[in-house]
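All remarks here apply to the structure that follows.
Side chains included, hydrogens not; waters and symmetry mates left out as well; all remaining heavy atoms used. All chains are named by letter (A, B, ...) in the order of the sequence lines, taking the proteins before the strands, and each is independently numbered beginning at 1.
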Amino acid sequence: MEFNIDDLPVLFPYPRIYPEQYAYMVDLKKTLDAGGNCVLEMPSGTGKTVTLLSLIVAYQQYYPEHRKLIYCSRTMSEIEKALVELRALMKFRAERLGREEEFRGLGLTSRKNLCLHPSVKREKSGTIVDARCRSLTAGFVKEKREKGENVETCIYHDNLDLLEQGNLIPNGIWTLDGLLRYGEEKKQCPYFTARRMMQYCNVIIYSYHYLLDPKIAERVSKDLSKDCIVVFDEAHNIDNVCIESLSTDITQDSLMRATRGAQNLEAKIAEMKDSDQEKLQSEYEKLVEGLKGLDEGRQEDAFMANPTLPDDLLKEAVPGNIRRAEHFVAFLRRFIEYLKTRMKVRQVISETPPSFLAHLKEYTFIEKKPLRFCAERLTSLVRTLELTNIEDYRPLQEVATFATLVATYEKGFLLILEPYESDTAKTPNPVLHFTCLDAAIAIKPVFDRFSSVIITSGTISPLEMYPKMLNFETVVQESYAMTLARRSFLPMIVTRGSDQASISTSFQVRNEPSVVRNYGNLLTEFARMTPDGMVVFFPSYLYMESIISMWQGMGILDEVWKHKLILVETPDAQETSLALETYRTACCNGRGAVLLCVARGKVSEGIDFDHQYGRTVLCIGVPFQYTESRILKARLEFLRETYRIRENDFLSFDAMRHAAQCLGRVLRGKDDYGVMVLADRRFMKKRAQLPKWINQALLDANTNLSTDMAVGNARAFLKQMAQPFSSKDQEGVSIWGMKDLRRHQEKMAEDLIVELKTAREEEERERKRREEEERRRLEEERDRVSDYEMDEDDEAEMMALDARIG
Amino acid sequence: MARPLDPLGFEDEMCPVCKSRKYLNPDIVFVFNPECYHSMCLNCANRLFNDGPNQCPHAGCNKTLRRKGFRSAFFGDLSVEREVDIRRRVAAVFNQKEDDFETLQDYNNYLQMVEDLTFELVNGTDEKRRQAEAQLAAWEAEHKQDIERNKKAGREADEMSRKRLAAERDAARQRRIEAIKEAEEEKRERVRSREMELDNLAKGITATTAAEPATKVQLKRRGQRGGVTEPAVPNPAAAATAGMGASEVERLSIRGLKEKPKAPAPQGPYDPFGGMDFAPSRYKLHGGLAHPLMEKYRLDRQHVAGGYSFDDFAARALYEAFAGLGVFVEDEKEVGSGSGIGLSQETTMAAGIAAVGDPDRMDLD
């Protein structure tokens, strides 16, 4: 369908539109017009991606700036899905407009997924693929070959150089599959095609990390212009992604490897000194000038990536004491030895970067400044030495990255040394966590650089938490309700078992037999009643294991077994995918199955249980984080100190967003239906933190239930859902045709007019009131003046009298 | 190059003298002497050097060592330990700051020069080392004053930064304690308000009136804190009206009906004048109005003995003086008798007499 929002013509590739989609578009346009950021929450399964894409593409094509769209998603399947949607949209536009638009859309993913090289692509691990690819495609490899040396190169990559730069691939939307096929056909490397074409694309779809992880972002996303529209989809976890991208863990093992890397470097330098003295000298000269000169030489094939450096650092020259290669290596060795010594301590230490630096300086005479240049200096050295087996130097690079970060940021980071894996462990296995506490640091460059950043997800409540944590300002913050022609999902809060004893997974009571039995009863009851698939979420693997074994002892699993197949998620990805496959088969053939999984596991994020795959989702317990973790404690404290977010507020927010994610798994569209059960006493108080669309459907009558009441409600609900329901019934209510949309637009326009009118009337009234007041004031003044006059007369008279008396 | 990794993360160290290992003797402590940087276990060091200076037991090392010089290493790698010791010596001499140089380039060149020298001291051949040593001594002699000054400044800076760190830590701890206290206070408050609520219920005060102040207090407190996670939807009822839960809206209106008639406002004491105000509006009375005519009576005992108040006299006089001001004689004439006019004239006169004494003190408004 085709309609206008204000002056912008939007082509929507479906004949009908959901009301919330329209509202979403209006808000999106408002944000883009204002050139600011926004946080939008739209219920899952209401076509968020297509809404976003159709509005933004319309916006791009209509306005002369042609702002580029950078669409970031979480997983590869989501990227592929978005690309397919985009292709459908563009096809629809072409049909409607009668011409193909000048438009190019590309997806980017890792080398492992996009490699065509016959031997490299067979490698299993992504890092090995990266390393091997680099050794075949690096700039100096090509140079060497041109000099006539016999080195192996990648034919797919070399073919790219024969093509016209900026036109490596024709216009159109290229899904990852399509890109691979095109690459195979033309014998060109899909990965580098995508990388090099990014500047010439209208839409780029890739993973968060390409923008957030400073180590990658600098290389991949450097050339994107400022007016790009950046979208983070499924962004409810964005703060954790930010934090992970800046945190590093250093172990004894990695230090050992780093030492070896440093020794290798030393040997290489000695070697080069004998053979190719000029090269080192020229590097040295460049370093005297500053890092900026090096920066120009930086290319897509740069070997190692560096964390974000402040601009002033890039302009500055490298400190004199690490300019020479051998000095730098000695410097690194000293630093590594220092870290090794620190690791020998047998008690937990947590300290801030400044105190770490002070201690470091005292014992090794390493100053802060050269430390800051560490990562950049190492990159330069590796390039000069023309090293190809980069994998060996990864630990060394990790250490260098750590050095740079620790010297760059005084606030927002913490070093935590944990000598033992757990409190009861006897053998030391020290880990030095360098944790980022402030999610705003990683995302700050994104907000600084791009004018419009859109953060959206199905469950991103409470909305105001995100601007606070990520430290940005929004133009629009909106959460959309779900319009439904019938109540197609039934959220319930169960707080008590059938015996009226309250149920909770709080630490004190979670292993009590009565609680376990009550949870078991809840499971059996719902397993008996639910058709096809059912998903159960537990707060942690540990608790899941213990409760399952207790259920086994109580005979509860046997009872469940009568109705459903029981499948369990494990931390192992392959086992889980097998379980999922079996689950799907069982759901399709009528046997039915229960999938027991963990609220923070793989299943809870990104796997959809639509239609028969999930009719009931049971959330056992509030999925709190493991609060004894020192890293979490440090982060909580930081949040309180810096952003005034209290510990409990954050923990509860975090738990509820995961719970909401779990609940959202089961409802993937308006014709879908499902029961959502939150089984914990503590959910009663946290109800307001659920996303608006769930909270709105959660009636008071459905809260604070006992198991049997919940079962009764669910039974009635399922019976109702079983009634025939045609899509016609939805029209005009939860699905709008053109007519409904026009009516709505008219109504909105009218509302606007009325609003303006009332505003004007209000103004008028206000003005009148003010005039009146003014008038009254003047009058009063006049009165007072006249009073005086009279009094003065009196006075004169009195004086006269006085004179007479006198 | 590749050594097998130690599963425990330690290379199994061995004392080269007595051949005992860390594996067999976990308490073994290694020491070394900075003369030659050869390590041995503490037992051996004690055994060999307790009786005075002796030669280093390492093969090929003919340094004479004393027990006093032995210490345990900070670094696992003794070559680094040695390097750091040298650096300590160099850093004590070459302690110029960036501010001491005109350009950054100069400073960097200086740093490199120092580094070159250090490198030579650490890794150089004997010849080079001697040269470097000489350079170091020369520089020390040459820049004695600068070195002293920088040393002092460095110490002060260290002191300052240490103090700052300590202060920050203290402040953080203070804040943490406060936060905990606050949380506890809030918890107590919640418990108390709950108890109060229950008490009220027991006393028969209805729930709606009793619950209200408690929630209000809580809301207020949360507001003061800057309400971090004020839930997106403050209460379920509001959420329902915002959405479209029809039953919720209905229930809301029922609640509206239930509301009790408001209690009458508290009654004050009985007012016979029905709220009429007798305070003079056209003038203000100041106590102690003086008039030469009155002065002699003020001192006269006969007048004062009966409790005669001159302030009352003045008040009355003024009252009478102004009493007629709101009355328009022309209007009165049509209706009333002549006596009214006479009265008004008299009052003006009286006011005049009362006021002439000190017209300035009469505050008209």
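Of the atoms belonging to Glu637(A), it is side-chain heavy atoms, and not backbone ones, that fall under 4.5 Å from chain B. Proximity to chain B involves both the backbone and the side chain of Glu337(A), based on heavy atoms less than 4.5 angstrom apart. Neither the backbone nor the side chain of Thr118(B) comes within contact range of chain A; no heavy atom of the residue lies under 4.5 Å from a heavy atom of that chain. Interface remark: Glu98(B) contributes side-chain atoms only to the contact with chain A (heavy atom separation under 4.5 Å). Residue contact with chain A, scored on non-hydrogen atoms closer than 4.5 Å, involves the backbone and the side chain of Asp116(B) alike. Contact of Ala183(B) with chain A is not made at all, since no heavy-atom distance falls under 4.5 Å. When heavy atoms are compared at a cutoff of 4.5 Å, Arg640(A) approaches chain B solely by way of its side chain, counted from C-beta outward. For Arg342(A), no part sits under 4.5 Å from any heavy atom of chain B, backbone or side chain. When heavy atoms are compared at a cutoff of 4.5 Å, Tyr363(A) approaches chain B by way of both its backbone and its side chain. With a 4.5 angstrom heavy-atom cutoff, Phe119(B) touches chain A only via side-chain atoms.
By the 30° and 60° cut-offs, the orientation of the rings of Phe32(B) relative to Tyr37(B) is parallel. Note: Tyr107(B) and Tyr110(B) have parallel aromatic rings, judged against thresholds of 30 and 60 degrees for the angle between ring planes.
With rounding to the nearest 0.5 angstrom, the CZ atom of Arg323(A) is 8.0 Å from the CG atom of Leu111(B).
With contacts defined as side-chain heavy-atom distances shorter than 4.5 Å, the pair Ser461(A)/Gln689(A) does not qualify. Side-chain contact check for Ile366(A) versus Phe335(A): some heavy-atom pair is nearer than 4.5 Å.
Under the rule for a ring-ring contact (aromatic ring centres under 6.0 Å, His included), Phe30(B) has no partner lying at least two apart in sequence or in another chain.
Against chain A, the residues from residues 81-94 of chain B that qualify, each with a non-hydrogen atom under 4.5 angstrom away, are Glu83(B), Val84(B), Arg87(B), Arg88(B), Ala91(B) in number order.
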>> Under the criterion salt bridge (charged side-chain N to carboxylate O under 4.0 Å, His left out), I'd like the reasoning laid out for Glu186(B) against Arg646(A): C-alpha separation, chi angles, the key distance, then a yes or no.
In response: CA-CA 13 Å; Glu186(B) 193 180 308; Arg646(A) 292 186 314 153; 3.5 Å; yes
> What do the steps show when you test Glu159(B) against Arg162(B) for salt bridge (charged side-chain N to carboxylate O under 4.0 Å, His left out), and what is the final call?
Replying inline: CA-CA 5 Å; Glu159(B) 194 59 33; Arg162(B) 201 168 305 135; 3.6 Å; yes
> salt bridge (charged side-chain N to carboxylate O under 4.0 Å, His left out) between Arg333(A) and Glu266(A): does it pass, once the steps are laid out?
Replying inline: CA-CA 10 Å; Arg333(A) 279 185 61 182; Glu266(A) 216 164 33; 3.3 Å; yes
>> For a side-chain hydrogen bond (donor to acceptor under 3.5 Å, both in side chains) check, start with the C-alpha distance between Thr251(A) and Asp253(A), then their side-chain angles and the critical distance, and finish with the verdict.
In response: CA-CA 5 Å; Thr251(A) 59; Asp253(A) 182 47; 5.1 Å; no
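In this structure, Gln696(A) contributes its side chain and Ala481(A) its backbone to no donor-acceptor pair below 3.5 Å.
Between chain B and the residues Ala697(A), Gly320(A), Pro319(A), the largest count of heavy-atom pairs under 4.5 Å involves Gly320(A).
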